Number of protein chains: 2
Amino acid sequence: MVETNRAAEDFVFDQPCPIRDVLDRIGDQWSLLILTALEKGAKRFNALSREIGDVSKQMLSKTLKRLEQDGFVRRTLYAEVPLRVEYELTELGQSFLVPMKSLIAWANANHRTICETRKAFPSRAQAR
Amino acid sequence: MVETNRAAEDFVFDQPCPIRDVLDRIGDQWSLLILTALEKGAKRFNALSREIGDVSKQMLSKTLKRLEQDGFVRRTLYAEVPLRVEYELTELGQSFLVPMKSLIAWANANHRTICETRKAFPSRAQAR
DNA sequence: CGGAATCCCGAGCGATACTG
DNA sequence: CAGTATCGCTCGGGATTCCG
């Protein structure tokens, strides 16, 4: 699993289009939720799980690892018993939230309009 | 196909979380590309197809319809021969691009850092 | 407690062919 | 030209189970 196709695998590390690369992360359903949940401070794994609610442990784990790999989140392991692991935003993660917030604000402001428009659209045979 | 499960179907029209609803659209790989392509003015279907390049007709069609349904894009049909259809941004679509641009700017500014961080991450057995 | 491994289903999406 | 219909594959991600 480690040495499969080197060329294709390396592609992950050098995406040609920045915005698509970024959208792939935050567009994956959980990343943004996690990021905003961490905005108020460091959280433990199960605390995040409880706060977000409808995320499986697997996805929380995977998403956190990706966010860590991309430098949005820092993971700290405390070798206690029982184990304790804390996640917190890095500077990069915090700086990302700045432009993201204006987008969130836009979404909140215009969501009602979007829903109305959607309802008014002719033909109920639409996708999704 | 029109009258399946009413409750589940209506859910599409009234999403509880604004930002997730919005991200579902622009996170779908083509919406943002189309929106930015339309920023400079109205375009015809095939013109969009050629400009974006690697999008199939099916996905272009579906995505445009969703964007139209959500009120981001306006579709105008000219009953000529041969057929002519033009797509353009609505005011909503244009207003959306404002916060989106700051996010794009962030992505451009920090993409290199993200790629470096990603490369430096231990263990090549990462996801995606 | 904090994950990793396995199984599995449905959505996303491309390719192709057909229609108005 | 501007789509729609059908097919089939891939992959995200939930459920469940196992590990340190």
Side-chain angles (χ1 to χ4, degrees), chain A residues 1-2 4-5 8-9 11-12 20 23-34 42-69 73 75-88 123 125-128, chain B residues 1-2 4-5 8-9 11-12 20 23-34 42-69 73 75-88 122-128:
Chain A
M1 184 198 277
V2 176
T4 49
N5 185 328
E9 212 169 279
F11 188 68
V12 175
R20 262 169 87 152
L23 278 184
D24 272 2
R25 305 291 152 166
I26 64 149
D28 75 346
Q29 213 70 207
W30 301 120
S31 294
L32 184 60
L33 265 336
I34 294 174
K43 298 271 174 65
R44 303 182 54 165
F45 186 88
N46 278 340
L48 276 172
S49 182
R50 262 177 278 110
E51 184 167 338
I52 298 180
D54 57 343
V55 62
S56 66
K57 292 205 303 178
Q58 185 195 43
M59 283 318 295
L60 182 56
S61 174
K62 277 189 181 177
T63 308
L64 279 169
K65 186 177 292 183
R66 287 228 303 246
L67 289 174
E68 187 194 359
Q69 181 180 3
V73 161
R75 176 183 186 272
T76 311
L77 167 67
Y78 298 89
E80 307 170 349
V81 178
L83 229 52
R84 183 162 65 99
V85 179
E86 285 198 340
Y87 294 93
E88 62 184 329
S123 149
Q126 79 307 117
R128 201 196 158 76
Chain B
M1 185 199 275
V2 177
T4 49
N5 186 327
E9 214 170 278
F11 188 68
V12 176
R20 261 169 88 151
L23 277 183
D24 271 3
R25 306 290 153 166
I26 64 148
D28 74 348
Q29 213 68 207
W30 301 120
S31 293
L32 185 60
L33 264 336
I34 293 173
K43 297 270 174 65
R44 303 180 55 162
F45 186 88
N46 278 340
L48 275 171
S49 182
R50 261 177 277 110
E51 184 167 338
I52 298 180
D54 57 344
V55 63
S56 67
K57 294 205 302 178
Q58 186 193 47
M59 284 318 294
L60 182 56
S61 175
K62 277 188 181 176
T63 308
L64 279 169
K65 187 176 290 183
R66 288 227 303 247
L67 289 175
E68 188 195 356
Q69 181 181 3
V73 160
R75 178 183 185 270
T76 312
L77 167 66
Y78 298 90
E80 305 170 352
V81 177
L83 229 54
R84 183 162 64 98
V85 179
E86 285 198 342
Y87 293 92
E88 61 184 332
S123 151
R124 292 189 59 86
Q126 79 306 117
R128 202 197 159 75

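As the structure is a computational prediction, the values presented were derived from the model and not from experiment.
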For this session: Using a 4.5 Å cut-off on heavy atoms from C-beta on, say whether the side chain of A:V55 contacts that of A:T63.
Result: no

Exercise. Given atom CG of B:L23 and atom C1' of C:dG12, what is their separation to the nearest angstrom?
Worked result: 17 Å

Seminar exercise, completed: Rounded to whole Å, the CG-P distance (B:L60 to C:dT16) equals 18 Å

For this session: Write down the atom of A:F45, the atom of A:K57, and the distance for their closest heavy-atom approach.
Result: CZ-O, 3.8 Å

Problem set entry | Side-chain touch B:M59/B:D28, heavy atoms, less than 4.5 angstrom | no

Exercise. Given atom CD of B:E68 and atom P of D:dA2, what is their separation to the nearest angstrom?
Worked result: 15 Å

For this session: Whole angstrom is fine here: how far is it from CH2 in B:W30 over to C1' in C:dC13?
Result: 9 Å

Problem set entry | d(CD1, A:I52; P, D:dG13) in whole Å | 13 Å

Exercise. What closest approach, in Å, do A:R66 and A:D24 show between heavy atoms, and which atom pair accounts for it?
Worked result: NH2-O, 4.3 Å

Exercise. Sequence neighbours excluded, which residues qualify as side chain to side chain contact (heavy atoms under 4.5 Å, CB included) partners of A:E68?
Worked result: A:R75, B:F121

For this session: Send over the distance from B:R25 CZ to C:dA11 C1', rounded to a whole Å.
Result: 14 Å

Problem set entry | Protein proximity profile, nucleotides 1-8 of chain C - base contact B, sugar-phosphate-only contact S, no contact -, cut-off 4.0 Å on heavy atoms | SBBSBB--

Exercise. In whole angstroms, how far is the C1' atom of D:dT16 from the CE atom of A:M59?
Worked result: 16 Å

For this session: Looking only at non-hydrogen atoms, find the nearest pair between B:L23 and A:I26 and report the distance.
Result: CD1-O, 3.6 Å

For this session: Could you check how far CD of B:E80 sits from C1' of C:dG20, rounded to whole Å?
Result: 16 Å

